[in-house]
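Everything below concerns the one structure shown next.
The structure presented is a predicted model; accordingly, all values stated were derived computationally and were not measured.
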Amino acid sequence: MEFNQATTIGIFLLVVVVGVGGLLASGVMAASTVLMMVAPSVLVFGGLCLFLGVKHGEHRARGA
(Lines give C-alpha, C1' and ligand atoms only; values in the text may rest on other atoms or scores of the structure.)
Protein backbone atom coordinates (compact mmCIF):
# COMPACT_ATOMS: atom_id res chain seq x y z
CA MET A 1 0.00 0.00 0.00
CA GLU A 2 1.33 3.39 -0.98
CA PHE A 3 1.02 5.86 1.88
CA ASN A 4 0.63 9.20 0.17
CA GLN A 5 -0.93 12.23 1.81
CA ALA A 6 -4.52 11.39 0.86
CA THR A 7 -4.26 7.79 2.13
CA THR A 8 -2.66 8.88 5.40
CA ILE A 9 -5.28 11.55 6.10
CA GLY A 10 -8.09 9.15 5.18
CA ILE A 11 -6.87 6.41 7.51
CA PHE A 12 -6.24 8.95 10.28
CA LEU A 13 -9.78 10.34 10.01
CA LEU A 14 -11.23 6.83 9.82
CA VAL A 15 -9.54 5.87 13.09
CA VAL A 16 -10.77 9.06 14.78
CA VAL A 17 -14.35 8.61 13.51
CA VAL A 18 -14.47 4.97 14.63
CA GLY A 19 -13.15 5.88 18.09
CA VAL A 20 -15.47 8.83 18.61
CA GLY A 21 -18.40 6.89 17.15
CA GLY A 22 -17.75 3.99 19.51
CA LEU A 23 -17.62 6.34 22.46
CA LEU A 24 -20.88 7.97 21.38
CA ALA A 25 -22.58 4.60 20.87
CA SER A 26 -21.45 3.25 24.24
CA GLY A 27 -23.23 5.99 26.16
CA VAL A 28 -20.43 6.40 28.69
CA MET A 29 -20.42 10.19 28.31
CA ALA A 30 -22.89 12.76 27.11
CA ALA A 31 -22.78 13.33 23.36
CA SER A 32 -22.03 17.03 23.83
CA THR A 33 -18.99 16.19 25.97
CA VAL A 34 -17.68 13.74 23.41
CA LEU A 35 -18.16 16.08 20.46
CA MET A 36 -16.95 19.27 22.13
CA MET A 37 -14.08 17.97 24.28
CA VAL A 38 -13.00 14.48 23.32
CA ALA A 39 -13.11 14.69 19.51
CA PRO A 40 -10.98 17.87 19.23
CA SER A 41 -8.42 16.57 21.71
CA VAL A 42 -8.18 13.26 19.84
CA LEU A 43 -7.64 15.15 16.57
CA VAL A 44 -4.90 17.36 18.06
CA PHE A 45 -3.11 14.51 19.85
CA GLY A 46 -3.44 12.23 16.83
CA GLY A 47 -2.12 14.94 14.52
CA LEU A 48 0.87 15.50 16.79
CA CYS A 49 1.61 11.77 16.89
CA LEU A 50 1.21 11.52 13.12
CA PHE A 51 3.62 14.42 12.60
CA LEU A 52 6.23 12.94 14.93
CA GLY A 53 5.82 9.51 13.33
CA VAL A 54 6.35 10.90 9.83
CA LYS A 55 9.43 12.83 10.94
CA HIS A 56 10.84 9.72 12.65
CA GLY A 57 10.22 7.69 9.49
CA GLU A 58 12.01 10.30 7.40
CA HIS A 59 14.93 10.21 9.83
CA ARG A 60 15.17 6.41 9.63
CA ALA A 61 14.84 6.44 5.84
CA ARG A 62 17.84 8.78 5.59
CA GLY A 63 19.94 6.14 7.33
CA ALA A 64 21.35 8.56 9.87
Determine which pairs satisfy side-chain hydrogen bond (donor to acceptor under 3.5 Å, both in side chains) with at least one residue from residues 26-44, sequence neighbours left out, and list them in order.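 Of all non-adjacent pairs touching residues 26-44, none passes side-chain hydrogen bond (donor to acceptor under 3.5 Å, both in side chains).
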Qualifying side-chain hydrogen bond (donor to acceptor under 3.5 Å, both in side chains) pairs with a residue from residues 13-23, counting only residues at least two apart or across chains: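 Residue pairs with at least one partner in residues 13-23: there are none.
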To which residues is Phe45 joined in a hydrophobic cluster, defined by side-chain heavy-atom contacts under 4.5 Å among Ile, Leu, Val, Met, Phe, Trp and Tyr, whether direct or through other members?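 Its cluster mates, by chain and number: none.
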Provide the closest heavy-atom pair for Pro40 versus Leu35 in the form atom of the first, atom of the second, distance.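 What the structure gives for the nearest pair is CD-O, 3.5 Å.
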Do [X] and [Y] belong to the same hydrophobic cluster, where Ile, Leu, Val, Met, Phe, Trp and Tyr are linked whenever their side-chain heavy atoms lie under 4.5 Å apart, directly or via other members?
| X | Y | answer |
| --- | --- | --- |
| Leu23 | Met37 | no |
| Val34 | Val17 | no |
| Val38 | Leu43 | yes |

Looking at Ile9, Leu13, Thr7, which one forms a side chain to side chain contact (heavy atoms under 4.5 Å, CB included) with Ile11?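 Between Ile11 and the candidates, side chain to side chain contact (heavy atoms under 4.5 Å, CB included) is satisfied uniquely by Thr7.
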Taking everything shown except Glu58 itself, do over 12 heavy atoms lie less than 6.0 Å from its CD?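 Correct, the count exceeds 12.
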